[in-house]
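For reference, the structure discussed in these notes is given below.
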Amino acid sequence: MSRWVCCPLLLLLLLLVMCEVQAQVENRVVFLPGTFQNVSVSQNETVQAVVSRIPPEVAFITLQFHTQYRNATLSYTRVPDLGLSLTAVDSGLLSPLDPGQTALSLFLLSLDGDPVTGTGVILPYSSADPVPGACNTEFNLDIDPNVYIHYNLYETTIRFAPANLGYERGEDPPPCDESTLPTTRWRLQYDVYQYFLPENDLSERSLFRGIQEVAEVNGMMANGKRVMTLFSSDLSSAVFNSIPGQGVIYSVIVRDPLRNTSSSYVPVHTYACSFASTLDGCQTLGKITTKVFFTITGLAGLFVCFCGHRFFKIELFCMGFSFAAFFSFVAFTRLTKLDYDIRLVLSAVIGVVGGVILVMSWWRFGSVMACIVVVGLMLGFLLAATILFTPLGDLDVFRHSDVVFWVTFCCIMVIVPLFFVRWPREGNIVTCGIVGAYAVILAINAYIYTSLSYIALNILKRFLNNNFSAVFTDVPFQIIDYAMITVWVVLGVGGIVLQLYRERTRPFFPPSPYLMWLQERERRKTNVLDPSHHFPPLPNRILARARQLTRRSESAGEHTPLLL
């Protein structure tokens, strides 16, 4: 009888043990070196990341874990502690190995209370490879292989800790700052890389695919773009242009030129916007006011592109509006703390005033060349911005000196109107085509992201931010950008050819209405055969009419004396 009682108890105990083992297996993830593993961390859960079968030639390993926008905690211990854990969107830990060690355990947690899904990878390195972040004196971890990122509206800054030379298992690491000889870590070089994710793609799958392509050294060198090389004597930081809504992955590869080896820091990504914000989040970047403003700008640009020279007053209004609105927005942003929508509305109002002033100056004084100079400056501004938008703008002489940048910009901008003195009509039509077509591109950018908008936006940012000169202004060129270049060229060339053909038999410029009125008045005064010559001036006619209303009417009768 006791046998039958004991059997169910044994079965129950065995079932509980199996459940416990199953629960531990569910909270345990085995990583293979170099192989990515997708991991889901539930609320208030700790996942053990296990690395086994580590080859003896591996001296240290790094564990990377990446999520799209939710923080995850990577820890050396099951209970996170200061100096032994890191909480970030892109986190990594480096573990030196002891002699004979073949397995290692690290821990993943979600301290924010929300479930986290991410992708992780273990990367092994030999004793000849540099150790990323091993000479850290700024951040919390003893050895910190992470790249720290910070962004605002204008710029994105990355920082990292210096590396050290590699060393064998069980040996003491080389000293970091004992000397600066070539036999120390001061010979190391740091290549900063940039990798752009597909435009208009904010999906998690796209991010994880990009991380998998550039997480290790060879992948980043093959797919990314090296933007600069820092030496150990340089500051371990770099500044880039912020591109809200565009996913970018940054990484640093440290090289040992003597041993010809290299290793990678933990890549970090940013969209230069917040996924958590409900107002200016990555999903809601386009403000209604911005879309309305640039939609109207695009329609006006399309009209100017094909009909600007024929309707000269409308063209002058649009050019004056653009200049006044641009510089008033810069002034409001630098001198006030008004909301973005208010600044945009006020800039539009001042732009209207500027357009009216330019039109009235031509209407009153009739100086075509003065107005054409303003139009030429508009084309010069766009041409200078386009030239400095190319990789030429990333030269050190332009990045490190605001004086050189602005002198070069102004020289290009001022040279263009000089050609308008010799060919005023042709220059005006070319400006209408190029500038009007670019206004259409800006309108399209309000709905579909394109990098061409940064031709003007980079100049605006440099106006607004004193420290923007140190920023790399490189932006991605993908399929949508080549399509927009095609649209720009087709619209611009089409508008120029159409206007040149249509205006070939017409006067160069329409006459000033005020000057025409003056000429007509003089003609009426001197030409006695003109019926209008016999009409009194308008003030006299108004005065006579007023007298008729106030004078008593006389009775009809004979006004001449009778003849006897």
Side-chain angles (χ1 to χ4, degrees), residues 297 300-327 329-330 351 354-355 357-359 361-362 367-393 395 397-398 402-442 452-463 473 485 488-500 503 508-509:
T297 300
L302 189 63
F303 180 84
V304 169
C305 179
F306 290 97
C307 305
H309 189 76
R310 172 69 65 88
F311 300 91
F312 192 58
K313 291 189 289 291
I314 297 179
E315 177 203 341
L316 289 181
F317 175 82
C318 292
M319 297 300 176
F321 175 90
S322 301
F323 256 109
F326 181 88
F327 288 106
F329 184 83
V330 172
I357 292 175
L358 185 60
V359 173
S361 64
W362 169 74
S367 176
V368 173
M369 293 309 301
C371 297
I372 287 302
V373 168
V374 177
V375 174
L377 289 175
M378 192 72 185
L379 180 61
F381 179 93
L382 184 58
L383 179 63
T386 303
I387 293 175
L388 295 175
F389 175 76
T390 64
L392 180 67
L395 295 178
V397 65
F398 294 125
D402 279 332
V403 175
V404 175
F405 179 89
W406 288 119
V407 168
T408 305
F409 184 89
C410 293
C411 287
I412 299 174
M413 183 176 173
V414 172
I415 287 174
V416 173
L418 298 180
F419 294 94
F420 283 41
V421 177
R422 177 63 180 84
W423 301 282
R425 181 176 65 178
E426 290 75 10
N428 185 59
I429 292 176
V430 169
T431 302
C432 289
I434 296 177
V435 176
Y438 184 70
V440 176
I441 300 300
L442 291 179
L452 295 184
S453 62
Y454 281 84
I455 293 176
L457 193 57
N458 282 343
I459 303 301
L460 178 62
K461 289 183 175 183
R462 192 142 187 167
F463 266 119
T473 57
I485 291 178
W488 190 5
V489 171
V490 170
L491 288 178
V493 173
I496 293 171
V497 172
L498 177 62
Q499 294 196 72
L500 286 175
E503 303 295 325
F508 273 24
F509 289 94

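The basis for the numbers below is simple: all heavy atoms, side chains too, and nothing from hydrogens, waters or symmetry mates.
Here the OG1 atom belonging to T386 is positioned 9.0 Å from the CD1 atom belonging to I434, to the nearest 0.5 angstrom. Note: L382 CG to S322 OG = 10.5 Å, rounded to the nearest 0.5 Å. Between atom CZ of residue F303 and atom CZ of residue F311 there is a gap of 5.0 Å, rounded to the nearest 0.5 Å. We find the OG1-CZ distance between T297 and F321 to be 5.5 Å, quoted to the nearest 0.5 Å. In this structure, F389 CZ and Y454 OH are separated by 9.5 Å, a value rounded to the nearest 0.5 Å. To the nearest 0.5 Å, atom CZ of residue R310 and atom SG of residue C432 are 12.5 Å apart.
Side-chain atoms of L460 and F326, non-hydrogen and from C-beta on, do get closer than 4.5 Å to each other. Using a 4.5 Å cut-off on side-chain heavy atoms (C-beta onward), L500 and R425 make no contact. Side-chain contact check for F409 versus I387: every heavy-atom pair is 4.5 Å or farther apart. The closest side-chain heavy-atom distance from V416 to M378 is not below 4.5 Å. A 4.5 Å side-chain heavy-atom check between F398 and L392 finds at least one atom pair inside the cut-off. For the pair L379 and M413, the minimum side-chain heavy-atom distance is 4.5 Å or more.
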Starting from the C-alpha separation in whole Å, work towards a yes-or-no answer on side chain to side chain contact (heavy atoms under 4.5 Å, CB included) for L491 and F306.
CA-CA 9 Å; L491 288 178; F306 290 97; 4.1 Å; yes

One pair to check against side chain to side chain contact (heavy atoms under 4.5 Å, CB included): Y438 and I455. What are the steps and the verdict?
CA-CA 10 Å; Y438 184 70; I455 293 176; 3.5 Å; yes

Kindly indicate, with the supporting measurements, whether the criterion side chain to side chain contact (heavy atoms under 4.5 Å, CB included) is fulfilled by F405 and V397.
CA-CA 8 Å; F405 179 89; V397 65; over 6 Å; no

Test side chain to side chain contact (heavy atoms under 4.5 Å, CB included) applied to L377 and F323, step by step
CA-CA 9 Å; L377 289 175; F323 256 109; 3.8 Å; yes

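W406 and F463 have their aromatic ring centers within a separation under 6.0 angstrom.
Between H309 and F312, the ring planes are perpendicular. Angles over 60° get that label, and only those under 30° would be called parallel.
Nearest heavy-atom pair across L358 and L316 is CD2-O, 3.2 Å. Considering every non-hydrogen atom in both G433 and C305, the closest pair reads O-SG, 3.7 Å. Minimum interatomic distance between G376 and P417 (heavy atoms only, all atoms of both residues): C-CG, 3.6 Å. Closest of all the heavy-atom pairs between A324 and G351 is CB-CA, 3.8 Å. Taking each heavy atom of G301 and A439 in turn, the nearest pair found is CA-CB, 3.8 Å.
Using a 3.5 Å distance cut-off with no hydrogens or angles, the side chains of Q499 and N428 do not pair a donor with an acceptor.
The number of heavy-atom neighbours closer than 6.0 Å to CZ of F419, taken from other residues, nucleotides and ligands shown, is 12 or below. By the neighbour-count criterion of 12 heavy atoms within 6.0 Å, atom NZ of K313 is sparsely surrounded, having that number or fewer from other residues, nucleotides or ligands.
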